[in-house]
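Worksheet for the structure shown next.
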Amino acid sequence: QVHPVESGGGLVEPGGSLRLSCAASGSIVSIYTVGWYRQAPGKQRELVATINSIGNRNYADSVKGRFTISTDSAKRTVYLQMNSLKPEDTAVYYCNSQGWSWGQGTQVTVSP
């Protein structure tokens, strides 16, 4: 089973940017649909973005135009570039795919 490791979170001011990384050793990230999810305090986990084996991307309406999902097959890594961050983007972010376990996630806090 793949155990993803998320990183890149932190504290950023509104309007700022962060780039999240998800290392998925033992998996070929290019042949599965991979997703980034997030869970804010007191809320259910929600799907933020996905990318499939042919590079098609889908985004939640709340992040369209601000977030970009990408993969680096050689590095077995999935990225989430987040721009124009808003306080409502504050959450723990996770990556996941078919057959993966859930990792620890990476905390993103958007605050003045």
Practice problem: List for me each residue that meets salt bridge (Lys or Arg N to Asp or Glu O under 4.0 Å) alongside Arg19, sequence neighbours excluded, and say none if there are none. | Solution: none
Is there a side-chain contact between [X] and [Y] in this structure, where contact means two heavy atoms from C-beta onward sitting under 4.5 Å apart?
{"X": "Leu20", "Y": "Met82", "value": "yes"}
{"X": "Val78", "Y": "Ile69", "value": "yes"}
{"X": "Tyr59", "Y": "Arg66", "value": "no"}
{"X": "Phe67", "Y": "Gln81", "value": "no"}
{"X": "Thr33", "Y": "Ile51", "value": "no"}
{"X": "Trp36", "Y": "Cys22", "value": "yes"}
{"X": "Ser101", "Y": "His3", "value": "yes"}
{"X": "Pro4", "Y": "Trp102", "value": "no"}

Practice problem: Give, for atom CD of Glu6 and atom CD of Gln107, the distance between the pair rounded to the nearest 0.5 Å. | Solution: 12.0 Å
Practice problem: Starting at OG1 of Thr50, measure out to OH of Tyr37 and round the result to the nearest 0.5 Å. | Solution: 8.0 Å
Practice problem: Flag the pair Asp89 and Lys86 as a salt bridge only when some basic side-chain nitrogen lies within less than 4.0 angstrom of an acidic carboxylate oxygen. | Solution: no
Exercise. Show your working on side-chain contact (heavy atoms from CB on, under 4.5 Å) between Leu18 and Leu85 and close with a plain yes or no.
Key: CA-CA 8 Å; Leu18 284 173; Leu85 282 161; 4.1 Å; yes
Quiz item: Does Thr90 use its side chain to pair, donor to acceptor, with the backbone of Thr109 at less than 3.5 Å?
Solution: no
Quiz item: So, Asn52 side chain and Arg57 main chain: donor-acceptor pair closer than 3.5 Å or not?
Solution: no
Quiz item: Should Val12 and Val63 be counted in the same cluster of Ile, Leu, Val, Met, Phe, Trp and Tyr side chains packed under 4.5 Å apart?
Solution: yes
Quiz item: Applying the 4.5 Å side-chain criterion to the ILVMFWY set and letting contacts propagate, would Tyr79 and Val108 be lumped into a single cluster?
Solution: no
Practice problem: Let me see the working for Leu11 and Ser111 under side-chain contact (heavy atoms from CB on, under 4.5 Å), right down to the final yes or no. | Solution: CA-CA 7 Å; Leu11 173 63; Ser111 178; 4.2 Å; yes
Quiz item: With distance as the sole criterion, is a donor-acceptor pair present between the side chains of Tyr93 and Arg38 under 3.5 Å?
Solution: yes
Quiz item: Any luck finding a side-chain donor-acceptor pair between Asp72 and Thr77 under 3.5 Å?
Solution: no
Exercise. Step through the shown structure and confirm whether more than 12 heavy atoms of other residues, nucleotides or ligands are within 6.0 Å of CD on Gln39.
Key: yes
Quiz prompt | Residue pair Ala24 / Trp100: nearest heavy atoms and the distance that separates them | solution = CB-CH2, 3.4 Å
Self-check item: Nearest heavy atoms of Leu47 and Ala60, plus distance in Å
Solution: O-CB, 3.6 Å
